[in-house]
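Taking it in order: structure first as structure tokens, then the write-up.
Remember, predicted model here, so these are calculated numbers, not experimental data.
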Amino acid sequence: MIVTNILIGIVIVILYKIYEFSVSILREVNRTRLETQTIRKYIEQLRDEP
């Protein structure tokens, strides 16, 4: 019983670490996407100016 509890705890910790990791990756992806959009808008503004 104690062994299964320990195993379950280890599995939960591993799943949580994977979750944390994927969340940080998604955050990074969103930030780069935002930066790209901002750069695109800036370039378009530069293009529009005479």
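Listed by first and then second residue, the salt bridge (charged side-chain N to carboxylate O under 4.0 Å, His left out) pairs involving residues 21-43 are E28-R31 (not counting sequence neighbours). Judged as a salt bridge (charged side-chain N to carboxylate O under 4.0 Å, His left out), the pairs with a partner in residues 15-25 (not counting sequence neighbours) are, in order, K17-E20.
With sequence neighbours excluded, the residues forming a side chain to side chain contact (heavy atoms under 4.5 Å, CB included) with I43 are I39, R47, listed by chain and number. For the side chain to side chain contact (heavy atoms under 4.5 Å, CB included) test, residues two or more places apart in sequence or in another chain that qualify with I25 are F21, V29.
Residues Y42 and L46 meet the side-chain proximity criterion, which asks for heavy atoms closer than 4.5 Å.
Hydrophobic side-chain contacts under 4.5 Å tie I14 into a cluster, directly or through other members, with I2, I6, I10, I18. L7 shares a hydrophobic cluster with V3; the chain of contacts runs through ILVMFWY side chains whose heavy atoms sit under 4.5 Å apart. The hydrophobic cluster of V13 has no other members, since no ILVMFWY side-chain heavy atom comes under 4.5 Å of it.
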